[in-house]
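Down below is the structure, laid out as structure tokens.
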Protein chains: 2
Amino acid sequence: MPAAVEPVSVARRSGKSEVHILRRTQEQRTAETRAALFAAAVATISRLGYSGASNAEIADEAGVSRGAITHHFATRAAFIAEVVRWVFEQEVAAYQQIQRDRHVGTRVSDWPAISWEVLSRPSGVAVLEIFVASRSDPELASLIRPAQQAIEEAAASAFFDRIGATVRDPAAIRLVVWAVRGMALGREFIDDPGSMQASVDLLTSMFARLSPSGNLEELIG
Amino acid sequence: MPAAVEPVSVARRSGKSEVHILRRTQEQRTAETRAALFAAAVATISRLGYSGASNAEIADEAGVSRGAITHHFATRAAFIAEVVRWVFEQEVAAYQQIQRDRHVGTRVSDWPAISWEVLSRPSGVAVLEIFVASRSDPELASLIRPAQQAIEEAAASAFFDRIGATVRDPAAIRLVVWAVRGMALGREFIDDPGSMQASVDLLTSMFARLSPSGNLEELIG
DNA sequence: AAACATACTGTCAAGCATGCACGTAATAAT
DNA sequence: ATTATTACGTGCATGCTTGACAGTATGTTT
């Protein structure tokens with residue numbers, strides 16, 4: 001049936017050959033579809049929660065069929081693991097961009113606000129949900145474990161280097177990251193989500209009062 | 001078939017009637033089975049994660065059949081919601097017992113350690129997993145919402161009353177509770193789970209240094 | 001332009017979880 | 001004792017999700 005509709009790339013007859021208005025290289029098609037799938041996964045998990053985010057839902061959100069997911073990723077666990085890595089890359093970039101654009105991050109008291117801004121976004125909460133889900137999925141757990149370690153080290157470097165820390169005690173950074181993650185998650189379950197900001201501000205002010213100079217030793221000493 | 005095996009309550013013939021060694025009232029049977037199911041739910045969620053904790057797994061862990069769950073709870077969501085309430089009751093009791101037995105809780109700097117001790121237990125993490133799962137289950141979400149509010153108020157009272165707070169600012173208590181929950185969750189995903197204690201200790205020392213007197217105004221001021 | 005490679009779609013089978021219906025065992029009531 | 005009521009076990013049916021496969025469309029190479 002040559003009269004079939006072509007939803008995405010509209011075709012026209014010009015002479016004998018068909019030229020497509022939207023002509024993309026295979027590389028572009030792959031990159032765009034994968035990006036759309038990653039974004040759709042985050043959006044769908046944010047909207048429906050992890051177990052509500054089936055491949056069918058994600059594919060619908062991305063405007064493709066489930067087969068596209070099957071084609072690009074060997075298994076669902078592999079797909080989700082790549083979603084995690086994609087988000088991590090964006091988070092690292094966001095850390096750096098915030099530090100650069102707003103000239104913050106040189107003092108430890110900047111950490112809570114920066115972490116909150118990055119990790120409280122839908123993608124941050126989505127990744128946390130994936131982490132929780134990985135506890136019932138050994139395959140997924142084994143795939144995201146290395147990614148988790150990588151992000152932990154990347155975040156640590158981004159923070160420690162910025163303040164010029166002499167001791168790289170992970171306790172402070174873990175406190176900030178997981179406390180902020182916990183608050184981001186908790187925001188989903190309280191009546192007034194905006195009120196969680198006050199708790200973040202309190203953590204920030206505690207950091208600032210304990211380390212006026214902004215260095216880490218003063219805080220952990 | 002009178003020769004059938006009776007696995008739990010052994011029967012003996014004495015004269016014409018059968019007396020059972022383990023004779024419990026219906027009330028006792030119900031209470032014990034429900035308690036076993038609650039404990040089994042927590043244990044199974046801790047071991048396999050929420051979506052790995054099917055009713056079949058939980059029933060196996062409790063030593064009963066799936067039918068027992070069906071009998072006692074109208075639906076799975078109702079079952080899980082009662083698990084949450086059961087855990088909350090235990091948590092409130094644990095808060096009070098710790099404060100009583102160890103004579104702590106009169107200073108805000110006691111909060112992190114007490115919260116950690118209670119919320120980092122398997123049941124605390126299990127409840128958090130249930131909360132996350134409720135995002136994809138509207139029925140479950142609507143059932144645990146009131147329980148969540150109740151525990152929040154109960155915890156607030158337990159803490160505020162104990163330190164004799166004049167201002168009952170929820171920001172501090174939310175910071176502690178959700179930061180601790182986040183750290184308890186994070187502990188499941190780092191290489192050395194024991195190292196999270198250092199972050200809890202850091203939070204504790206920050207509270208102590210900012211509020212040597214132990215009252216809340218000093219901390220949030 | 002023809003042949004090939006890659007991207008994507010639609011359908012099907014298998015597995016698993018929940019809820020339901022019915023059967024059996026244990027306790028309570030008469 | 002008997003009958004009733006409650007507690008619990010077991011098999012069936014439905015719905016949903018993932019993975020597999022065969023087919024179609026689009027892009028690339030020669």
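The figures that follow rest on heavy atoms only: side chains count, while hydrogens, waters and symmetry mates do not.
- In this pair, A:F73 and A:F38 present their aromatic rings tilted. The plane angle is within the 30 to 60° band.
- Contact annotation: B:T75 does not reach the phosphate of C:dT18 (side-chain N/O to OP1 or OP2, under 4.0 Å).
- Heavy-atom nearest nucleotides on DNA chain D were determined for A:A74 and for B:V64, and the one closer to the 5' end corresponds to B:V64.
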Can you list, pair by pair, the side-chain donor-acceptor contacts under 3.5 Å of residues 90-100 of chain B, counting residues two or more places apart and other chains?
{"residue": "B:Q97", "atom": "NE2", "partner": "B:D101", "partner atom": "OD2", "Å": "3.4"}

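- Residues passing the side-chain contact (heavy atoms from CB on, under 4.5 Å) test with B:D60: none are found, sequence neighbours excluded.
- Atoms CG (B:D137) and C1' (C:dT18) sit 12 Å apart, rounded to a whole Å.
- Between the CD1 atom of A:I80 and the C1' atom of D:dT18 there is a distance of 12 Å, given to the nearest Å.
- Between the CD atom of A:E32 and the C1' atom of D:dT26 there is a distance of 14 Å, rounded to whole Å.
- As judged by a 4.0 angstrom heavy-atom cut-off over every strand, A:A68 is placed among the base-contacting residues.
- At C:dC8, one or more side-chain N or O atoms of A:H72 fall inside 4.0 Å of OP1 or OP2 (strictly under the cut-off).
- The interatomic distance linking A:I69 (CD1) with D:dA20 (C1') rounds to 15 Å, in whole Å.
- The CZ atom of A:R76 sits 17 Å away from the C1' atom of D:dA20 (whole-angstrom rounding).
- The pair B:R168-B:D161 meets the salt-bridge criterion, with a side-chain N (NZ, NE, NH1 or NH2) lying under 4.0 Å from an Asp/Glu carboxylate O.
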**Q.** Sugar-phosphate or base contact per nucleotide [nucleotides 10-16 of chain C; S, B, -; heavy atom under 4.0 Å]
**A.** -BB----
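- Remark: C1' of C:dT6 and CZ of A:R29 are 8 Å apart, rounded to the nearest angstrom.
- Note: A:W111 and A:F207 fail the aromatic proximity criterion, with ring centroids not under 6.0 Å apart.
- For the pair A:Y50 OH and D:dC16 C1', the interatomic distance rounds to 15 Å; values are reported in whole Å.
- Contact check, A:H71 against C:dA7: a side-chain N or O comes under 4.0 Å of OP1 or OP2.
- The only member of A:V180, A:V125, A:V132 that meets side chain to side chain contact (heavy atoms under 4.5 Å, CB included) when paired with A:L185 is A:V125.
- Mapped onto DNA chain C by nearest heavy atom, A:T30 and B:A77 fall at different nucleotides, with A:T30 at the one closer to the 5' end.
- Taking side-chain N and O atoms only, A:R23 has a distance below 4.0 Å to OP1 or OP2 of D:dT28.
- As a whole-Å value, the separation of A:E139 CD from D:dT18 C1' is 11 Å.
- One finds no salt bridge joining A:E139 and A:R76 here, because no Lys/Arg side-chain nitrogen approaches an Asp/Glu carboxylate oxygen to under 4.0 Å.
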